[in-house]
Amino acid sequence: FTATPSGGAWAGNTGINPGGTFDPTAVAAGTHSILYMVTVNGCSATETTSVTVYDNPSAPIISGDRIYCVGDLLSIGAIGSGGTLTWYSDSSLTQTVDSIDNMIAVGDTFYVVETSPEGCISLADSFSVSTVENPIAQFTTDYQGNIAAPVTVNFTNGSTPAGATYYWIFGDGTGISTLEDPSYMYNDTGMFTITLITTMSQDGQDCIDSAQVSIEINATTMILPNVFTPNEDGDNDYFYLQSTGLKTRSEERRVGKECR
């Protein structure tokens, strides 16, 4: 405080020292009277003024999810006592965040303070966010087609990153597996869609991707010729078995007696 004429003394509250410096932290919230007394040429005068001290608002309370899949939107908020909330991305409270809503989740710590209508600023509350890498589900099979049931199909998992869990659905209504690289026997013919669900988990947060591949397993057919003439005349010299759904084997045999 300053006064004219100078040279007087200040009194009236524990928050003011004789030199006129008022310390609001030394008093309770409320209105406090300040007295100034001065004597000039034997004449004394006093003047009284008042100062109002407000409480700082309590630190806001942040709530929300702490773990997100990479690319998700943040879902956090803060509850204050009616003032203005300001978000920061650094502990020194210099880098403001324009809007915490619709912000892409990144591994970081956020801070929020509240400013009361009187301009008093609260302590900061902090909230740390972490992210889980999204998996990429992918796989291949060794099924080349044209092989009839029953047939065993081997699956090779190419999902990334490492450390995920896997859930296979083999598409026949019954077959499932949680192995990384399973094999499965199909006993029936038809079109089957295989689904791989790859999950990365951390502290209850699951990040999921899936991939699908369809295979068709055909029925076995076989056509047997009723005659052949192995006389090397170029007509029906070989016995051919025509089929689908069978593994093939090629073999040549001579039939009859060779004359010399």
Side-chain angles (χ1 to χ4, degrees), residues 61-79 87 89 97 99-110 112 125-222 243-249:
I61 299 174
I62 303 175
S63 62
D65 298 326
R66 291 186 176 271
I67 305 176
Y68 296 84
C69 300
V70 172
D72 284 355
L73 297 179
L74 286 177
S75 177
I76 63 176
I79 299 175
W87 292 87
S89 60
V97 177
S99 176
I100 205 69
D101 297 325
N102 299 320
M103 182 177 179
I104 300 297
V106 293
D108 206 347
T109 300
F110 297 93
V112 64
D125 189 22
S126 62
F127 195 87
S128 295
V129 170
S130 61
T131 56
V132 181
E133 184 176 358
N134 286 308
I136 299 175
Q138 53 191 353
F139 67 94
T140 59
T141 81
D142 65 351
Y143 184 70
Q144 301 299 317
N146 294 324
I147 300 176
V151 59
T152 297
V153 180
N154 300 305
F155 299 92
T156 301
N157 195 332
S159 301
T160 57
T165 58
Y166 310 105
Y167 188 78
W168 297 84
I169 304 171
F170 295 118
D172 62 351
T174 58
I176 59 173
S177 176
T178 57
L179 297 177
E180 183 173 355
D181 298 301
S183 298
Y184 188 71
M185 175 176 286
Y186 289 90
N187 293 303
D188 298 315
T189 62
M191 181 71 72
F192 302 98
T193 298
I194 300 93
T195 302
L196 169 61
I197 301 172
T198 302
T199 303
M200 291 293 293
S201 300
Q202 178 180 320
D203 298 330
Q205 176 64 51
D206 294 334
C207 301
I208 299 172
D209 191 31
S210 63
Q212 290 184 325
V213 170
S214 295
I215 61 174
E216 184 175 10
I217 298 177
N218 300 313
T220 301
T221 62
M222 186 180 301
S243 67
T244 60
L246 293 177
K247 294 182 179 179
T248 61
R249 176 181 176 182

Review point. V70 and E133: which non-hydrogen atoms are nearest, and at how many Å?
Key: CG2-CA, 4.0 Å
Review point. How many angstroms lie between OG1 in T156 and CD in Q138, if you round to the nearest 0.5 Å?
Key: 11.5 Å
**Study point:** L179 atom CG: more than 12 heavy-atom contacts under 6.0 Å
**Key:** yes
Review point. Among all residues two or more places apart in sequence or in another chain, which pass the side chain to side chain contact (heavy atoms under 4.5 Å, CB included) test with I208?
Key: I197, T199, D206
Check your understanding: Run the side-chain contact (heavy atoms from CB on, under 4.5 Å) check on D181 and N157 step by step: do they pass?
Key -> CA-CA 6 Å; D181 298 301; N157 195 332; 3.2 Å; yes
Exercise for review: Ignoring hydrogens and angles, tell me if any N or O in the side chain of D209 forms a donor-acceptor pair with the backbone of A137 under 3.5 Å.
Suggested key: yes
**Study point:** Which atom of G107 lies closest to which atom of T131, heavy atoms considered
**Key:** N-CG2, 3.8 Å
Exercise for review: Can you run down the ring-ring contact (aromatic ring centres under 6.0 Å, His included) pairs that involve residues 142-165, sequence neighbours left out, and say none if there aren't any?
Suggested key: F155-W168, F155-F170
Point to revise | For the student: nearest non-hydrogen atoms of S214 and T193, plus distance | key: OG-OG1, 2.9 Å
Point to revise | I67 versus Q205, closest heavy-atom pair with distance | key: O-OE1, 3.0 Å
Point to revise | Nearest atoms (heavy-atom pairs only) where Y68 meets A105 | key: CB-CB, 3.6 Å
Exercise for review: Would you check if T109 and V129 make a side-chain contact, meaning some heavy-atom pair closer than 4.5 Å?
Suggested key: no
**Study point:** Which atom of D125 lies closest to which atom of I62, heavy atoms considered
**Key:** OD2-N, 2.9 Å
**Study point:** Partners meeting side chain to side chain contact (heavy atoms under 4.5 Å, CB included) with V97 (sequence neighbours left out)
**Key:** W87, S89, I100, M103, F110
Exercise for review: Would you give the length of the straight line joining atom OH of Y184 to atom OG of S177, rounded to the nearest 0.5 angstrom?
Suggested key: 10.5 Å
Exercise for review: Answer yes or no: are there more than 12 heavy-atom neighbours, outside I104 itself, under 6.0 Å from its atom CD1?
Suggested key: yes
**Study point:** From CE (M191) to CG (D172), nearest 0.5 Å
**Key:** 14.5 Å
Check your understanding: Would you find a donor on one side and an acceptor on the other, under 3.5 Å apart, between the side chain of D65 and the backbone of S75?
Key -> no
Check your understanding: How long is the gap from CD1 on I169 to CD1 on I176, to the nearest 0.5 Å?
Key -> 8.0 Å
Exercise for review: Could you tell me whether a side-chain N or O of N187 sits under 3.5 Å from a main-chain N or O of P150, the two making a donor and an acceptor?
Suggested key: no
Point to revise | S183 and N154 side chains, donor-acceptor separation under 3.5 Å | key: yes
